[in-house]
Amino acid sequence: PTRHQGCCPRRWRRHRRFPSRGKRARLSDLYSAVSLSIGQPLSLLLKSEALVSNLSPYDIHGAPGVAADVRHIDSAGEVNGYAADKLDEALQGVEVVVIPAGVPRKPGMTRDDLFNTNASIVRDLATAVARNAPNPTSSSSPTRSTPSITTLDVVRASRFLSGIARTDPAQTPVTVVGGHSGVTIVPLLSQSSAGTAVEQGSEGWKALVHRIQYGGDEVVQAKDGAGSATLSMAYAAAKFTNLLLKALKGEAGIVIPTFVKSPLFAAQGIEFFSSAVELGPNGVKKIHDLGNITAQEQELVNAALPELKKNIEKGFAFAQ
Ligand code: LMR
């Protein structure tokens with residue numbers, strides 16, 4: 001979802017234009033550019049999942065239309081779209097809330113540049129979730145029982161490594177730990193079956209790690225002002241959501257890296273951390289530690305921790 005008020009950075013609002021284009025754009029163009037950009041493909045993917053019995057897309061614009069469209073797909077799930085003033089209604093009786101909300105980056109921007117805007121959107125949605133569906137399993141903001149997803153990094157790591165190792169990405173899982181911004185993204189390539197395709201510490205390994213850490217920038221630059229990852233993001237969100245639904249239904253042994261309130265580095269003041277997490281009927285079942293990692297990977301973890309701590313402190317300060 002996007003918001004009518006304050007959904008774009010102040011300087012875009014002031015100039016009423018996309019920063020990377022000379023041409024003036026109406027504010028409504030900006031909304032339609034960002035509105036449902038992840039939510040639309042995500043709705044399509046989730047409607048195709050057998051485990052989704054009811055799908056309730058919500059946004060300030062366009063959700064009923066998206067719902068009418070995906071409703072025709074020949075899978076059993078029901079679909080009802082909710083307009084801007086129907087958020088409370090959309091949340092009645094839900095089991096899982098997926099929040100792909102936010103304003104996308106433009107070339108030259110960091111995720112931090114959009115922090116206040118996107119955090120405000122998530123805050124308002126999370127408040128509505130708490131008001132209407134007090135016990136759902138949300139796949140966005142990390143509170144005690146609500147995991148947040150870093151699956152896009154996992155998907156990228158698997159795809160990029162398999163491209164080098166010439167393996168099937170589906171058979172090349174990579175555990176990615178830490179957070180989801182630059183150096184906080186730590187791929188544990190040594191733990192992957194194809195990990196030997198890149199020698200730890202080599203130039204090839206460094207380039208692969210960098211590509212995984214800055215995969216978001218690769219897409220932002222390629223889209224050249226038209227936004228950030230939406231399709232791969234939707235794919236990752238659908239993948240995680242489907243695994244979560246399986247776990248909620250009681251399927252055992254579902255483990256995926258997930259950003260959660262975690263004891264792993266709590267002693268160092270880092271309350272949230274993504275590591276391999278077993279999902280179960282109540283959401284988070286077991287948080288795994290990092291396992292065996294190489295000296296080079298330990299260096300990546302060491303570099304990630306201070307940055308992650310700053311990210312988390314910023315989140316806490318915002319919430320307070
Ligand atoms: C990504 O990794 O693609 C997303 O976090 C979007 C972005 O701004 O990079």
Chemist: Quick one: does any side-chain atom of D59 pair with a main-chain N or O of L36 as donor and acceptor, under 3.5 Å?
Modeler: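 Yes, because the side chain of D59 sits within donor-acceptor range (under 3.5 Å) of the backbone of L36.
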Chemist: Establish whether V176 and F265 are linked, either directly or via other cluster members, by ILVMFWY side-chain heavy-atom contacts under 4.5 Å.
Modeler: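 Same hydrophobic cluster.
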Chemist: Above 12 or not: heavy atoms from other molecules or residues under 6.0 Å from CD of E199?
Modeler: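 Check fails, neighbour count at 12 or below.
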Chemist: Shared ILVMFWY cluster between I256 and V96, side chains joined below 4.5 angstrom?
Modeler: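 Linked, I256 and V96 end up in one cluster.
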Chemist: Please check: side-chain N/O of K223 versus main-chain N/O of A229, any donor-acceptor pairing under 3.5 Å?
Modeler: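 Side chain of K223 to backbone of A229, a donor-acceptor pair under 3.5 Å: no, none is there.
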Chemist: Does atom OH (Y214) have a neighbourhood of more than 12 heavy atoms from anything else shown, all under 6.0 Å?
Modeler: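 Enclosed: over 12 neighbouring heavy atoms sit under 6.0 Å from OH of Y214.
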Chemist: Parallel, tilted or perpendicular: which describes the rings of F115 and F318, with under 30° parallel and over 60° perpendicular?
Modeler: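 Geometry flag for F318 against F115: perpendicular rings.
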Chemist: Looking at I212, V174, T167, which hits side chain to side chain contact (heavy atoms under 4.5 Å, CB included) with L161?
Modeler: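 Of the listed options, the one satisfying the test is V174.
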Chemist: Will you find, in the side chains of Q200 and S190, an N or O donor that is under 3.5 Å from an N or O acceptor?
Modeler: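 The answer is no; no qualifying pair exists.
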Chemist: Counting N and O atoms only, with roles assigned by atom type, does the side chain of K309 sit under 3.5 Å from a partner on the main chain of I270, one being a donor and the other an acceptor?
Modeler: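 Side chain of K309 to backbone of I270: no pair is present.
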Chemist: Does CD in E78 sit with more than 12 non-hydrogen atoms of other residues, nucleotides or ligands closer than 6.0 Å?
Modeler: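 Incorrect, the count does not exceed 12.
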Chemist: Going by the rule salt bridge (charged side-chain N to carboxylate O under 4.0 Å, His left out), which residues pair with R131 if we only count those two or more places apart in sequence or in a different chain?
Modeler: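 R131: salt bridge (charged side-chain N to carboxylate O under 4.0 Å, His left out) contacts with D88.
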Chemist: Distance alone, cut at 3.5 Å: any donor-acceptor contact between the side chains of T184 and N311?
Modeler: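 Looking only at side-chain atoms, N311 and T184 do not form any donor-acceptor pair under 3.5 Å.
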Chemist: Any side-chain heavy atom of S275 within less than 4.5 Å of one from D289?
Modeler: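 Not in contact.
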Chemist: Checking E307 now: which residues fulfil salt bridge (charged side-chain N to carboxylate O under 4.0 Å, His left out) with it, not counting sequence neighbours?
Modeler: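 Listed in chain order: K310.
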